[in-house]
Structure formats: C-alpha cells, structure tokens
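Here is the structure we will look at, set down as structure tokens.
Any value given below was found using the heavy atoms of this structure, including those in side chains, with hydrogens, waters and symmetry copies removed. Within every chain, numbering begins at 1; the chains are lettered A, B, ... in the order of the sequence lines, protein sequences first and strands thereafter.
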Amino acid sequence: MTRPSFGQRVRRNEDARLLTGRAMFVDDVNLPGMLHVAFVRSMMAHGTLKGIDAAAARQRPGVVAVYTAADLGDYCKPGPVLVNPPPVPGHVFHGCTQLPLAKDKVRYVGEPIAMIVAESRYVAEDALADVIVDIDPIDAVVDLEAALKPGVPLVHPHLESNAAAHVVQRKGDYVAARAKADIVVKRRFLYDRGVAAAIENRAVAVDWDPRAEEMTIWDTTQAPIPIRNGLAKMLGLLESQVRVVAPFVGGGFGPKIMMFYPEELLLPWAAMRLHRPLKWTEDRQENFYATTQERGQVHEAEMALSKDGRILGVRDWFLCDTGAYDPYGLTIPINTQCTLLGPYDIPNYETEFTSVFTNKPIVTPVRGAGRQHGVFVSERLLDIAARELGIDRVEIRKRNLLGPDRFPHNHEIMFQDSAPLVYDSGNYLPTLEQAAEIIGYDKFIREEQPRLRASGKRVGVGICCYVEGTGIGPYEGARVTVEPSGTVRCATGVGTQGQGHFTVLAQIVADALGVGVEDVRVVTGDTREFHWGTGTFASRGAVVAGSACHAAAMSVRGKILDLGSAILGAPADNLELSGGRVKVAGSNDPGIAFGDLAGRANPLRGAVRPGTEPGLESTAYFGPDRGSTASGVHAMIVEVDPETAAVEIKRYLVVHDCGTIINPLLVEGQIHGGVAHGIGNAFFESLVYDDQAQLMNASFMDYLLPTATDVPPIETAHRETPSPFNVLGLKGVGEAGCIPTGAVFAQAVEDALGPGAGVEINEIPMSPNQLFELMHVSGKERA
Amino acid sequence: MGANVRVDVTVNGTRHRRDVEPRLLLSDFLRQDLGLTGTHVGCEHGVCGACTILFDGEPARACIMLAAQADGHEILTIESLAAPDGTLNPLQSAFRQAHGLQCGFCTPGMLMTLTAFLRDNPKPDEPQIREAISGNLCRCTGYQHIVHAVQIAAGTRAEDAE
Amino acid sequence: MKPAAFEYHRPDTRPEALALLEQHGGDAKPLAGGQSLIPAMNFRLATPAVLVDLNRVGDLAYMRVDSGVLRIGAMTRHRDVERSEDVRRAAPLLFEAMPFIAHAAIRTRGTIGGSLAHADPAAELPAVMLALDATFRVESVRGAREIRATDFFTGLFGTALEPGELVTEIQIPVTPATGPRTGTAFTEFSRRHGDFALAGVAARVTTDERGTCVSARIALFGVGDRPMAAAAGARLLEGQTVSDDLLRATADATAREDIDPTGDIHASSRYRRHLAGVLTRRVVARAFERSRVTHEE
Amino acid sequence: MNLAGTFTFAGPRATVWALLHDPAVLAKALPGTKTLTLAGPGRYEGAMKVSIGPLTAAEFAVVVTLSDEIEPSHFAMQIDGKGGVGFAKGSATVDLAEGADGGTVMTYASDIQIGGRIAAVGQRLVESVGRMMMKQALDSLNAELEARVKK
C-alpha cells in the first residue's frame with residue numbers, strides 16, 4: 001500500500017533544485033543579444049513634469065533606446081483597476097491608476113519617467129544621470145489626516161479631495177448598544193507602512209520572436225495567467241501568442257501579484273520594437289519605491305462593554321493610506337473591517353473608512369493585507385477594557401468567543417471577495433485554553449512575574465486571538481495527466497513563491513491516485529501548461545488550487561478504475577490503486593501499471609469508445625462560494641530593559657487552526673515566516689518619510705529586517721477544525737503568522753513594564769526609541 | 001575610462017581567464033560571465049547575504065567585491081556543494097529534511113556561510129548558529145527550520161525530530 | 001546599483017601603491033577590504049576616478065608584539081584580528097570589540113586599517129583605538145610619520161591623513177604593560193546584531209593596589225561626528241574607588257558634557273545621550289571589575 | 001533638516017553683511033563650492049561638489065536667491081541644489097546684530113529638505129553633514145573677516 005501522505009511531514013519535491021543552485025529564477029534568464037533596462041525615476045514626490053531631455057542619454061555609447069511617455073503613443077494609458085470594490089451599498093470609490101511612464105505629473109518618489117535600454121545594466125545606469133528631468137514641485141501629501149483638509153494640494157486634481165474611497169458597514173445598532181453599555185473604551189491607533197521585502201527583487205525578461213510572432217515573458221509574478229491575458233490585449237496579440245512564465249520566484253508576500261507594473265508593461269512593448277531580448281531586474285533601492293507597500297492606517301475606535309466584560313458593540317473609524325494610486329480597490333480596508341471582528345461575538349458593529357491618496361508608493365496587499373490592523377484595534381481595546389474592568393485578559397476573551405454551535409456564522413458585512421462575511425467553522429475556546437496552558441499564563445502571572453519583578457527584571461506575557469478569512473475565489477483549475485512513463489503530471493495556474501506547491505499539490509494528487517508524492521510532477525506558473533486561473537494570494541493556493549487538483553485527480557482515478565475494470569475484468573469497486581498500479585483488491589496478481597494503462601488509453605490503432613476521452617487525463621476547477629476561516633491564538637513572553645528600552649522576546653507560541661493539515665512541516669514553516677514578518681512589523685521595520693514624502697531609509701542598512709538573532713524559536717500547536725466549504729476541509733495559512741503579532745507584542749511589553757509605568761502602546765511599529773519616549777513621558781506625567 | 005583587466009580565477013575547481021571591466025562586480029561576473037546563476041543577488045550593498053560565496057575558503061559577499069579582485073584566487077559557489085551526480089551533501093540534505101528553505105532565494109548564501117561555519121565550528125549550539133546566520137536575511141522561514149537544519153548537519157538533532 | 005567606471009590599479013608593492021596614490025592625489029581612493037567603499041560605489045554615492053587596490057601588497061598584513069607594543073599591519077583582516085591569540089592577550093579590549101563589527105562575511109574582507117581610515121563615527125574600532133591610546137603609522141612617498149589616535153579623527157569621516165598618505169600600521173600599547181591592575185570593557189547598543197551602534201562605549205581603567213583609579217580612558221561612538229573621548233567622565237574617576245555613585249556621576253558627566261549627538265531615524269539625540277550614559281555606567285563598572293581580576297591573578 | 005544657531009563674528013556688522021553678499025568670499029567659505037557667481041540682483045548661481053570622506057556626491061547645480069533684505073540686519077534666502085543623486089531645497093533666514101567688543105552676532109535658522117538617494121541612503125549622516133558644513137563656512141567667513149579687519 002502507498003501510505004497516504006496527508007498529515008505527514010513530507011519533504012519537498014522542489015528542494016533539490018533550490019539547494020544546488022539549479023532552480024531558475026527570472027534574473028537567471030540570459031539570452032544571446034539581451035539588452036538591459038534601467039528607469040529614470042522621479043526624485044520628487046509631487047510635482048508638475050515640465051520637460052524631459054534625453055538627448056545626452058541617447059548619445060551615450062552602449063545605449064540602444066530611451067523612451068519617454070511621448071514615445072509610447074497610445075500605449076501610454078492608465079493601467080487597469082485590478083480588483084473592483086465589493087458591492088457595499090453607498091460606497092464611493094475613485095479608481096486612479098498609473099501610466100507606464102509619467103506624463104504631466106509625478107505623484108511619488110520613484111515613479112518611472114523614462115526607460116533606458118542599453119547593452120548592460122552598468123551602461124543603463126550611467127545613462128540615468130544623462131537624462132535631465134524638469135519638475136516643478138508641489139507640496140507633497142504625506143499625512144493621512146492633513147490630506148483631507150481643505151486647501152491641500154490634490155494628488156489627483158480631477159477629484160474634489162484626496163479621498164480615494166469611502167465605505168460604511170453596519171451590523172446591528174451600535175448607538176443603541178452604546179447607550180446600554182457600562183463602559184466605553186476609546187483610543188486612537190496607528191499601524192504604519194512596511195515593505196514586503198522579498199529577498200528576490202522583481203524582474204522581467206522578454207523574448208519576442210518576430211518570425212513565429214510569439215512572446216515569452218519571464219516574470220516574478222504571483223499571477224502569470226492574468227498577466228498574460230492583460231498583456232496580450234494591450235499588445236494586440238492573441239492570448240496564445242503570449243507565454244508568461246513565473247519560474248521559481250524568490251518570495252512574493254503580496255506585491256508580486258498581478259500588478260501590471262510599468263516595467264511589466266514596457267519591456268514587452270520595447271522588445272517588439274527592438275527585436276532583441278530585454279531584461280530588467282529591480283535593484284534593492286528601486287524596490288523601496290517601485291514595488292507596492294502596505295500598512296498605513298489611523299484608527300479612532302471604541303468598544304462598548306457591559307461590566308462583566310461582554311462586548312456590546314464596536315465602532316471604528318479609520319483612514320487607510322492607498323498611496324499615489326489605488327489599483328487594488330478596497331481589498332485592504334475591507335479586510336481590516338472584517339478581521340476586526342475576530343473570534344468574538346460582536347452583535348453591534350459600525351465601521352467606516354476613508355481611503356486616502358498620498359504622495360507615497362502605491363499600496364496593495366502585503367502578507368496580512370489589512371488584517372493586522374483590525375486585530376490590533378480589537379485586541380488592544382479588549383486589553384484596555386480588561387484593565388479598566390479589572391478582568392483578566394484571557395478571561396475577558398473567553399467571555400466573548402463565539403461558541404462552536406454558532407457556525408456557519410454570518411457577520412452581516414461584506415468581505416473582500418464580494419460575498420458576505422461568513423465564518424465556515426471554528427472552535428475557539430479550546431485554542432485559547434491550549435495557548436494559555438502551553439505558555440503557562442496563570443503560573444506566569446501568579447508566580448514568575450512577581451518573583452522576577454522583585455529581582456528588578458521586567459517581564460511580561462501577551463496573548464491574543466485572531467481569525468483570518470482565507471481561500472477565497474473566484475476559482476482555480478488543474479489538469480492531472482498520467483504519462484505513459486507512469487509519471488503523474490499536475491499542471492495548475494497558481495504561481496509559487498516558496499509555499500511548497502510542488503509538494504502540497506503533489507500530496508493531494510498522490511493520495512487520490514495511490515502513488516508516491518515524489519512521483520507527481522507539479523507544474524505551476526507557466527501559461528503554456530495551464531491558462532485558466534487567477535493566482536497566489538489571500539492564503540488561497542492550497543485551498544483553491546488544491547481543491548481543483550483533488551477534483552482533477554479524482555476524475556483521473558475514475559478513468560483508471562473504468563479502464564482497469566475493463567482490462568482486469570473486475571468491478572471498479574473491487575479494484576485498488578496503490579504504488580502506481582491498479583489491481584484487484586486482495587489478489588496476488590500485480591495488476592497493471594498506470595503507465596501501461598495510459599498507453600492503452602491512447603491507442604495508435606483501434607477506436608476510442610464514444611463518450612470517452614483518450615488518455616488518463618482530466619481537468620477540473622474549483623470555485624468556492626466563499627472563503628474559509630482560519631483562526632488561532634498567539635502568546636509571547638518578553639523582557640524589557642527598563643534603562644535602554646530594549647525588548648527581548650523570550651518565548652513565542654502559536655496555536656492555530658487551519659482546518660485539515662496537508663503537511664504539518666510546511667504549515668509550521670509558513671507560521672514561522674509569518675511570525676518573523678510580524679515581529680519585523682512590530683518592532684523593527686519602519687518606512688520613514690519626511691514631510692515631502694522622501695523616504696529616509698531606502699536600504700537594508702536602515703530598513704531593518706529581523707535576523708536570526710531577532711526572531712526567537714517559535715513554538716507551535718495545531719488544531720484541526722475542517723472547513724465545510726471544500727471537500728478536503730482546507731483553510732489557508734500563508735498569512736496567519738503575521739496577523740496578531742503587533743497586538744500581542746504591545747500587550748506583552750505593557751505587561752512587562754507593569755501598570756505603574758503607565759505605558760500604553762497604541763502604535764506599531766514601536767522602536768526602542770519610541771518606547772523610551774513613551775516610558776519617559778508617562779514617567780513625567782506620573783510625577 | 002579604465003582599460004579591461006585580466007581575471008584568472010578558479011571557480012569550483014575550474015580555472016577561468018577573462019578580461020573584464022574593472023567595475024564589474026564579482027556577483028555579476030559569476031552569474032553572467034560564468035553562467036553560475038546559483039549565486040543570488042538581493043541587495044547589492046552587502047547586507048542581505050544572498051550572494052555569499054567562499055573566497056579562498058572564507059565567506060564573502062560577491063556583490064561588494066570586484067571581479068578584478070578575484071584574480072589569482074579560488075572561489076566556491078553553491079554549484080560546488082552537491083556531488084556531480086546531483087547527490088546532496090549532508091548540509092544540503094539537512095536543509096531538505098528540516099524544511100530549511102521555502103522560496104530558496106537566500107538559500108545559496110545561507111549554505112555557503114554555513115559551510116565555512118560548520119568547518120570551523122562542527123558542534124555549535126543554537127545561539128552560535130543564530131549568530132552565524134545573522135548576516136543572511138531570510139523572509140520566508142523565520143530562521144527556525146534553518147537552525148534545525150544546521151543542528152541535523154552537525155549531528156546534534158535527529159533527522160526526523162519535530 | 002552598479003558602480004560608475006573608474007581606473008583601476010593593483011600594485012604589488014608598498015612603494016608602487018604609495019607612488020600611485022601620490023600620482024593621483026585626491027582623485028584616488030585606496031581599496032582595502034572595500035566593505036564600506038564598494039557599497040557606497042554601488043549606490044553611486046562614491047565615484048572615485050581611480051582605485052588603488054591594496055590587496056596584493058604583501059607586507060601590510062601582520063600582527064606581532066614587540067617591546068610592549070602590539071603592531072597590526074593595516075591590511076590585516078578583521079577575521080584574523082578576532083582570531084589572534086596575540087590580540088586576545090595584548091589588547092583584550094580590541095578582542096572584545098571585534099565580534100560587534102558587522103558579520104563574519106564582512107569581517108573576512110574588511111581590514112583594520114581600512115576601517116580606521118574610513119573613520120565612520122558609528123564604527124567600533126576608532127573608539128577602541130582612542131580608549132587604548134593607539135598610534136597609527138602613516139606613509140607616503142614623502143616619508144612616514146606617526147599620528148596618535150587622539151589626533152587622527154578630525155571630524156565626520158575626517159582624518160589627519162594628507163592626500164597620498166596611507167595608514168600602514170596600528171600600534172597599540174600592550175594592556176597589561178600599562179599597569180598590572182588594568183581592566184577594559186566594551187559594549188554597544190544596536191538595533192540588530194551587526195548593525196551600526198546607536199551608541200557604544202569602550203573603557204580602560206587602571207587602579208592602584210587599593211583599588212583607587214590612577215588613570216581612565218573612556219571613548220564613545222555613534223554619538224557624534226567622530227569617536228569621542230569622554231574627558232569629563234574619565235576625570236571624575238581618577239583618584240576614586242569604584243562605587244555606584246561614582247559610576248552614576250561618571251555616566252552623567254559623560255552623557256552631559258562629553259558628547260553632542262545628532263539624531264537620526266533610529267535614535268533621537270536625547271535617546272542617544274541617554275543610552276551613552278547607561279552604557280558608560282555599565283562599561284566602566286565592568287572595567288573596574290576586570291581591573292580587580294587582573295590584580296587577583 | 002533644521003539647522004539653527006548663533007555665531008559671533010569678530011568684526012563690524014557692515015563688513016559681515018558685505019562678506020555674506022560677496023560671491024567670491026562665499027565660494028571659498030562654503031565647502032565643496034566650485035563656482036559661485038552673481039547672476040542677477042540677489043541671485044547667485046554655481047556648482048558644488050560636496051565630499052564627505054569616501055562619499056563624493058556628484059556635482060550639484062546650486063541657485064541661491066536672497067530676499068527680504070534689510071541692510072545690514074536681515075535677509076532671507078531660498079536655496080535650490082540639484083544633482084544626479086539627489087537634491088537639496090530650502091530656506092534660511094539670517095539676522096545680524098551688533099555684539100560686544102565690536103563683534104557681530106549672527107542668528108540663523110534654516111529648513112533644508114534633502115531628497116533623492118542622498119536622503120534615502122545617507123539619513124544617518126545628513127544632520128552631521130549639515131552641522132559640519134555650517135561650522136566650516138562660518139569659521140572660514142570669520143577668518144576672512146579677521147583678515148579684512150586687520151588690513
């Protein structure tokens with residue numbers, strides 16, 4: 001018997017290539033005659049573009065072409081709005097998207113103005129300084145609140161204000177609930193921007209074959225199929241003339257989604273004119289400007305509670321920084337609205353946001369995608385309420401959790417996938433109890449903390465809950481083929497950026513067909529192999545593409561059984577599939593190898609019977625009505641040096657529930673990475689803009705990614721509450737690790753400093769310098 | 001400006017002679033001129049560690065060295081680690097066992113850094129391992145499984161430990 | 001992020017190197033380890049017309065102790081300094097500071113002379129040299145001279161080097177030789193391991209047999225435009241025995257009088273000043289402790 | 001970046017005023033100035049190449065425009081520098097008062113915005129560089145003043 005791989009710590013199929021340096025990334029594409037591209041980018045955040053003089057650059061030896069907006073003609077059109085807003089009644093949305101090269105106006109530092117094509121990247125960079133750009137500066141829009149005041153310069157002058165969108169969502173009657181409350185806690189919260197910081201920067205390589213009229217584009221994208229379809233349309237080619245390959249991609253984390261970045265649009269266009277292969281590889285400095293970012297939000301939020309700590313309602317009002325353009329619609333702030341509800345029974349909820357245009361790089365989802373903000377707001381309000389009511393932090397959470405009998409639970413507001421927010425399943429109380437037990441919450445509070453505090457040590461514990469909407473539609477597809485060699489191929493559209501699709505999807509197919517995981521070759525991210533689907537985002541790869549792979553594999557299984565039944569002369573339900581063979585169950589006869597069966601199913605002579613298809617191959621699609629809801633609890637123990645304000649994380653625990661687990665090893669890897677990202681956001685990573693939207697730390701020297709000595713060992717425990725929304729019971733896990741980290745960090749640090757310090761952390765990130773200031777200010781106030 | 005200079009360098013045991021522009025970075029030389037694309041470039045200012053190679057046996061950042069400086073020296077890259085038939089060496093194998101890589105982009109730099117580290121320090125404890133890789137940024141793994149991989153390679157952790 | 005073009009020379013001997021530096025004057029930069037220079041060139045914030053690569057000059061990498069002086073050739077790699085038994089014995093402060101410099105893969109290339117001539121105000125080694133009262137030998141085609149560390153660092157990335165001059169040797173008085181009851185200590189506060197410090201302190205304290213401080217040197221980095229000698233702080237220690245009050249007074253005087261830090265995105269001027277005080281107190285306390293240990297040995 | 005302070009010149013106010021308006025003197029005093037000429041009333045144009053240790057930012061084209069002049073006590077200026085790796089833009093005010101012993105007390109305040117790669121990579125150094133350049137310029141002007149007063 002081939003042992004089922006589900007739930008096993010299966011090692012990855014893709015690792016050998018990555019570990020030996022053989023795996024191909026986009027920047028590894030080197031073609032004869034290849035030219036290299038660099039972009040002249042705006043040094044000003046906001047201004048009128050009065051003139052571009054590229055004459056000297058065009059003269060420089062080694063420069064092949066210089067293009068400005070004027071050279072693009074009709075191709076210089078604003079890019080598409082990628083995600084239309086969900087149909088929330090009364091919503092306002094102004095979609096403003098970017099031109100491939102700026103014309104008339106620049107709106108952020110780094111906006112591309114001219115494209116230089118040269119024999120090497122070295123020469124292309126030499127030519128950057130040759131281009132003279134004349135910009136008449138306009139005061140930059142930086143601060144979210146100031147951006148909405150009258151008289152402020154407009155990022156998009158055809159609009160009435162810098163408001164990009166406005167949405168109100170309501171559930172129940174918050175005003176009435178508030179009137180009945182014993183206590184209302186209200187605070188202002190900030191959660192600032194960071195970069196995704198995939199270690200691989202973006203890259204695009206293009207080869208246009210003018211004789212075959214075929215274009216191949218290697219692209220560091222999370223969504224090759226939409227990119228192919230969009231580019232074909234823009235370039236006036238058939239979709240079949242364009243092949244987009246997302247080979248190995250060195251980390252995605254959101255910004256490598258189907259952005260139609262200027263570079264993605266311009267290289268194919270130029271390749272068709274120059275008839276030479278082109279490549280652009282973003283450098284790290286460009287990445288800080290040219291690749292999208294996320295996180296800037298300001299909240300004014302209040303929670304109304306009864307004196308026994310039950311949440312009667314929440315009202316949240318927030319501003320969401322969308323940067324200079326808003327191609328990604330309302331995904332981030334809607335996620336914030338929905339995720340704020342957490343695992344709690346919140347009967348009355350009023351949530352309103354305004355998205356704001358600023359002169360900063362474009363905002364699109366980065367791992368977490370607005371969810372951490374919502375969790376930060378509700379978890380912080382609960383902490384403050386617990387303190388004011390004299391209720392223990394874990395206890396107040398327990399009192400408000402949705403019970404296991406409340407599913408599916410309709411929250412009556414709209415989620416990012418344009419469907420109402422419905423939790424599919426969950427079991428929150430045991431998760432919280434398990435986390436409290438593993439971290440030793442009671443004992444820590446009762447014994448360890450007082451003892452350590454008496455010896456001068458400032459230690460604290462934090463514990464926070466979250467739920468995460470994952471695995472949304474619209475759909476993905478997969479084609480499973482048994483080749484005559486016996487190898488099973490599984491082709492799907494989602495790209496892979498390290499999540500382990502080559503293994504996880506192989507496990508799904510292997511278990512359906514009774515073959516080894518290593519015998520399933522997964523092909524992803526190549527439109528020549530599969531061209532229906534969307535991409536890898538919203539923790540959906542395993543859920544949606546996985547379900548499609550399962551369906552396709554089950555269909556192939558049916559074909560194997562049908563054909564096997566005919567050949568072996570036994571009824572299909574008497575057959576078993578194991579070790580890559582179909583045989584009669586319990587018989588000593590070895591049966592038939594899949595490869596032989598595949599040959600028989602594709603005969604060179606004779607007829608394929610009417611109503612059947614040749615070969616052992618099936619294509620299937622999966623489109624969930626709505627996403628599935630993962631959940632979890634994070635707990636952290638920290639020690640704060642009260643003199644230097646340094647914070648050391650002593651323990652970090654994640655108890656989480658992502659439904660049925662395909663591969664615990666990979667799930668743990670996803671969680672570890674997410675937590676590290678969350679720790680970065682909480683404590684290290686900060687994009688510092690001055691009052692003219694100049695980024696002050698566009699390098700890895702000053703933008704601090706957490707290192708191995710900054711991330712503690714992470715303890716994990718798994719719980720499995722399967723999703724009823726897909727056959728396998730799957731929920732997504734890719735983003736879970738980073739969602740509650742800021743909230744749990746804030747709670748733990750406050751707890752370490754103790755109630756006497758009077759420090760309240762309502763802002764993320766929180767550097768030692770900021771913490772020092774908070775400690776100092778509250779110390780003075782106390783005196 | 002600046003005539004080409006001769007680089008006579010042994011990479012992974014093979015001697016290469018090239019004339020290069022003095023400003024050519026060693027990382028670009030390895031990747032473009034020699035086609036050894038396993039060495040990855042992540043920041044080009046010496047912080048992320050993805051381009052770490054062994055230069056005369058010691059770890060060095062290829063993105064902040066000139067190809068010209070390699071003249072007369074020996075370099076080992078990620079491509080040197082596995083056996084010619086592709087069999088993974090014990091460190092590579094431990095990375096697979098421990099799931100010490102996800103997207104794999106930082107992995108070549110991690111492996112080269114650790115190759116020198118384990119040679120000099122065959123039985124490191126966890127803080128030593130973490131310090132050893134603290135100059136190599138990874139955005140995917142949170143480092144924990146990399147630490148496990150090093151422990152497996154050093155024989156201080158069982159291969160199937162959870 | 002590719003460097004601009006430059007003219008490149010790789011001399012084999014010291015006289016050739018000095019001649020090239022003389023010939024090109026201010027247009028030439030010596031390339032030692034390159035771990036600061038090449039990143040700056042990749043950003044095109046440094047665009048030297050000429051690079052004189054010192055890596056082939058054979059006689060600039062050595063460490064030896066003679067007549068009470070630890071001599072380190074300027075092209076000695078950090079990695080070799082950090083692994084040197086001579087350094088551990090003769091200059092424990094330097095030995096203690098080495099692992100704080102960046103990361104192993106940087107230290108294998110970076111050189112002690114390059115780091116000192118670069119004179120980054122947030123770097124560890126210049127402050128260590130101030131605390132140890134080191135002297136640098138510098139050479140040019142016009143001859144050699146010696147510059148005390150206290151006179152060498154003149155401002156932001158500024159040194160007393162004249163065009164054409166090269167640091168060739170670092171001379172450090174052997175620590176035990178300056179008194180049997182000498183203790184040294186080093187620490188820094190940085191956001192992450194290997195980062196430039198927000199503040200850092202190196203100290204050397206010598207006491208008599210009763211534990212009274214007879215001489216003290218405190219040097220700070222990351223808190224000014226150059227490494228800063230804490231004269232006011234050190235003055236308070238002399239003639240005193242260690243006590244919490246003394247340590248606190250020293251730390252306060254250092255933070256208040258000896259430094260004038262600027263702020264940046266990681267640390268305000270006020271926070272740096274505060275950190276400098278805290279670290280000074282901790283480091284001086286440890287130096288005193290160690291002076292007792294040397295005594296007891 | 002905000003730079004503000006006071007500086008005492010060892011000479012009379014009228015001479016200080018004259019020095020601060022003499023492009024030849026300013027060119028010598030401002031670190032890295034390659035050329036500086038009077039291009040029109042109250043308008044100076046020139047080129048600077050500032051080097052700080054190993055960092056040699058490419059050449060900057062600089063325009064300084066004076067305004068609100070009340071001789072000999074006050075003027076304001078707009079500063080605009082553009083180069084391949086960044087820019088500096090800002091304004092400053094200068095007030096001159098008669099001090100003790102025939103000296104002149106200058107009070108200055110400036111708000112300079114730095115942009116481009118210099119700001120993005122050099123943030124750690126910007127304030128120190130500003131302070132350093134200001135100090136060098138003032139010391140140099142004072143030396144020139146002393147030389148003139150002696151004559």
Pick one of side chain, backbone, both or neither for [X], based on which atoms fall under 4.5 Å of a heavy atom in chain B.
{"X": "I671(A)", "answer": "neither"}
{"X": "D27(A)", "answer": "both"}
{"X": "E668(A)", "answer": "both"}
{"X": "Q670(A)", "answer": "both"}
{"X": "P664(A)", "answer": "neither"}
{"X": "D28(A)", "answer": "both"}
{"X": "R22(A)", "answer": "neither"}
{"X": "V675(A)", "answer": "neither"}
{"X": "Q497(A)", "answer": "backbone"}

So, does [X] use its side chain to make a donor-acceptor pair with the main chain of [Y] at under 3.5 Å?
{"X": "Q102(B)", "Y": "Q499(A)", "result": "no"}
{"X": "R284(A)", "Y": "G42(B)", "result": "yes"}
{"X": "R139(B)", "Y": "A196(A)", "result": "yes"}

Would you check, one step at a time, whether the test side-chain contact (heavy atoms from CB on, under 4.5 Å) holds for I78(B) with T20(A)?
CA-CA 6 Å; I78(B) 178 79; T20(A) 52; 5.8 Å; no
Which bit of [X] is near chain A, if near means a heavy-atom gap under 4.5 Å: side chain, backbone, both or neither?
{"X": "A98(B)", "value": "backbone"}
{"X": "L25(B)", "value": "both"}
{"X": "L24(B)", "value": "both"}
{"X": "L101(B)", "value": "both"}
{"X": "Y143(B)", "value": "side chain"}
{"X": "T107(B)", "value": "side chain"}
{"X": "L137(B)", "value": "both"}

Please identify, among [options], the residue contributing the most non-hydrogen atom pairs under 4.5 Å to chain B.
{"options": "L19(A), I679(A), T707(A), L18(A)", "value": "L19(A)"}
{"options": "T496(A), D283(A), D126(A), T281(A)", "value": "D126(A)"}
{"options": "E200(A), H677(A), R12(A)", "value": "R12(A)"}
{"options": "A197(A), G252(A), G251(A)", "value": "A197(A)"}

Walk me through it: do D710(A) and R130(B) pass the test salt bridge (Lys or Arg N to Asp or Glu O under 4.0 Å)?
CA-CA 9 Å; D710(A) 304 312; R130(B) 286 185 178 269; over 6 Å; no
Roughly how far apart are [X] [atom1] and [Y] [atom2], rounded to 0.5 Å?
{"X": "F105(B)", "Y": "N201(A)", "atom1": "CZ", "atom2": "CG", "result": "7.5 Å"}
{"X": "E21(B)", "Y": "S120(A)", "atom1": "CD", "atom2": "OG", "result": "7.0 Å"}
{"X": "C140(B)", "Y": "I199(A)", "atom1": "SG", "atom2": "CD1", "result": "8.0 Å"}

Are [X] and [Y] packed together at the side-chain level, in the sense that at least one heavy-atom pair is separated by less than 4.5 angstrom?
{"X": "E126(B)", "Y": "P713(A)", "value": "yes"}
{"X": "M24(A)", "Y": "T37(B)", "value": "no"}
{"X": "T141(B)", "Y": "H672(A)", "value": "no"}

For the pair M701(A) and V47(B), evaluate side-chain contact (heavy atoms from CB on, under 4.5 Å) and give the outcome as yes or no after the intermediate values.
CA-CA 7 Å; M701(A) 291 179 293; V47(B) 182; 4.0 Å; yes
Assess, by modelled atom type and distance only, whether the side chains of R11(A) and H99(B) contain a donor and an acceptor separated by less than 3.5 Å.
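Result is no, nothing qualifies.
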Do Y122(A) and D28(B) meet the criterion of a side-chain donor-acceptor pair at a distance under 3.5 Å?
yes
One option among G38(B), C43(B), G104(B) has the most heavy-atom pairs under 4.5 Å with chain A, and it is C43(B)
Decide side-chain contact (heavy atoms from CB on, under 4.5 Å) for R31(B) and N30(A); before the verdict, give the C-alpha distance in whole Å, the side-chain angles of both, and the deciding distance to 0.1 Å.
CA-CA 9 Å; R31(B) 291 177 49 77; N30(A) 269 320; 5.8 Å; no
Would you sort out whether R121(A) and E44(B) count as a salt bridge (Lys or Arg N to Asp or Glu O under 4.0 Å), showing the intermediate values?
CA-CA 13 Å; R121(A) 172 78 184 194; E44(B) 290 181 302; over 6 Å; no
Which word best sums up how the rings of H45(B) and F700(A) line up, parallel for under 30°, tilted for 30 to 60°, or perpendicular for over 60°?
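Geometry flag for F700(A) against H45(B): tilted rings.
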To check you understand the geometry: which heavy-atom pair defines the closest contact between G142(B) and A676(A), and what is its length?
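Nearest pair, atom of G142(B) first, then A676(A): CA-CB, 3.6 Å.
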